[in-house]
Student: 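Just passing along the structure, written as structure tokens.
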Number of protein chains: 2
Amino acid sequence: MILIINMKNMDLRDELAVLEDYLRDHDLKMTKPRQTVLETFLAIEKHVTAEELYNAVHASDPSVGQATVFRTIRLLEEAGLARSACRDDGARSYEHAYRHAHHDHLRCVECGAIVEFSDGAIERAQASVYRRFGYEPSGHHLELEGLCPSCRAKKRA
Amino acid sequence: MILIINMKNMDLRDELAVLEDYLRDHDLKMTKPRQTVLETFLAIEKHVTAEELYNAVHASDPSVGQATVFRTIRLLEEAGLARSACRDDGARSYEHAYRHAHHDHLRCVECGAIVEFSDGAIERAQASVYRRFGYEPSGHHLELEGLCPSCRAKKRA
DNA sequence: CTTCATATTGATAATCAATATCATGTATAA
DNA sequence: TTATACATGATATTGATTATCAATATGAAG
Ligand SMILES: [Zn+2]
Ligand SMILES: [Zn+2]
Ligand SMILES: [Zn+2]
Ligand SMILES: [Zn+2]
């Protein structure tokens with residue numbers, strides 16, 4: 001058990017430092033709930049909604065409230081530790097941002113499977129669009145939708 | 001006044017036919033509120049939310065209720081007359097889809113100005129991503145964010 | 001260690017977009 | 001016209017998120 005906790009702490013070190021720096025710079029305080037939310041978020045290696053994150057947080061510390069999870073995930077976003085995108089079906093979803101290179105998403109409209117990809121040609125073409133209209137780039141959201149190989153197979157069967 | 005109404009009717013002819021065909025094929029009925037919502041939607045040449053559309057509809061016919069506007073804009077989407085995308089700040093927004101070629105959006109994060117563009121290189125690169133992962137394309141959403149020329153100038157001043 | 005100003009918390013109420021419900025009104029075909 | 005199924009507007013409801021607020025915890029200063 002202690003080993004696991006130690007391993008977690010090792011993995012967390014940088015992210016924790018990023019959060020602490022952000023808090024210090026904004027006269028905010030490090031608290032137990034905020035650490036719990038950060039740890040839980042970092043332990044989930046996929047896209048999560050605030051609700052899903054709350055469930056996970058609640059499992060390891062039932063005293064943490066929903067509101068705090070919503071507040072903290074926004075904080076993580078501002079601190080550069082999380083990235084968010086609005087999901088077409090309602091709830092906003094979040095993913096890791098620190099030490100996770102920019103990527104776009106390819107989602108199966110049938111089963112929801114998500115492929116994360118990065119494509120140089122797309123990025124370069126986007127840069128040229130920015131230049132064409134004289135805009136200064138500050139980010140973008142690209143989601144490709146389609147039918148994944150296994151759902152295509154099922155549909156043919 | 002009559003002239004304007006006639007002009008509107010001319011512009012509407014095709015779109016109205018598209019909706020009528022869709023309604024007939026689905027055993028649905030053409031009604032006054034549905035026509036009003038369609039006319040109003042087509043008269044607005046920019047992205048609108050259901051709420052904004054309701055306000056415009058209400059101006060020309062106060063008897064039409066909000067629920068009907070929500071229902072009808074979804075209907076227009078299904079009929080291929082409207083396209084929607086979820087806006088980062090909350091409400092879903094809609095734009096014309098009939099006889100409006102696919103395009104992507106470049107939005108100023110400062111003033112909200114939107115440039116609609118279409119870029120062959122981006123579309124081709126996306127097609128190659130679909131092939132790479134064996135997905136069958138069914139659509140995509142791309143929004144570039146940045147600072148428009150005039151906001152860049154203001155920022156420098 | 002104690003003080004103390006200030007930030008944070010969890011519970012709850014409130015907001016916002018979007019849907020569901022339902023009694024009443026209306027389109028359309030026979 | 002008459003029947004039938006669909007559509008409507010008002011209203012209640014949902015679901016995600018945010019605001020409010022009294023009680024608590026943090027962290028810097030003394
Ligand atoms: Zn699939
Ligand atoms: Zn991702
Ligand atoms: Zn601008
Ligand atoms: Zn557009």
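Note that the coordinates shown come from a computational prediction; the quantities given were computed from them, not determined experimentally. So you know, we letter chains A, B, ... as the sequences are listed, proteins then strands, and number each from 1.
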Student: Could you check whether any side-chain heavy atom of A:Val129 comes within less than 4.5 Å of a side-chain heavy atom of A:Tyr135, counting everything from C-beta outward?
Tutor: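 Of all side-chain heavy-atom pairs linking A:Tyr135 with A:Val129, none is under 4.5 Å.
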Student: For the pair made of CD in A:Gln35 and P in D:dT26, what is the distance, rounded to whole Å?
Tutor: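 Value for this atom pair: 11 Å.
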Student: Is the ring pair A:His47/A:His105 parallel, tilted or perpendicular, if the boundaries are 30 and 60 degrees?
Tutor: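 It falls in the perpendicular class, over 60°.
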Student: With a 4.5 Å cut-off on side-chain heavy-atom distances among I, L, V, M, F, W and Y, is there a chain of contacts connecting A:Val64 to A:Leu23?
Tutor: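 Looking at the clustering, A:Leu23 is in the same group as A:Val64.
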Student: When the distance from OH of B:Tyr22 to P of D:dC6 is rounded to whole Å, what number comes out?
Tutor: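 Checked: the OH to P distance equals 14 Å.
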Student: Begin from the C-alpha positions of B:Val48 and B:Glu95 and carry the test side-chain contact (heavy atoms from CB on, under 4.5 Å) through to its verdict.
Tutor: CA-CA 7 Å; B:Val48 285; B:Glu95 65 178 343; over 6 Å; no
Student: Do the side chains of B:Ile114 and B:Tyr94 join up, straight or via other hydrophobic residues, at under 4.5 Å, putting them in one cluster?
Tutor: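 No; B:Tyr94 is not reachable from B:Ile114 via cluster members.
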Student: Could you run through nucleotides 7-21 of chain D and give me one letter per nucleotide, 5' to 3': B if any protein heavy atom sits under 4.0 Å from the base, S if only the sugar-phosphate is that close, - if neither?
Tutor: SBB------SBB-B-
Student: Can you tell me the distance, in whole Å, between the CZ atom of B:Arg24 and the P atom of D:dC6?
Tutor: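 Distance check: B:Arg24 CZ to D:dC6 P gives 16 Å.
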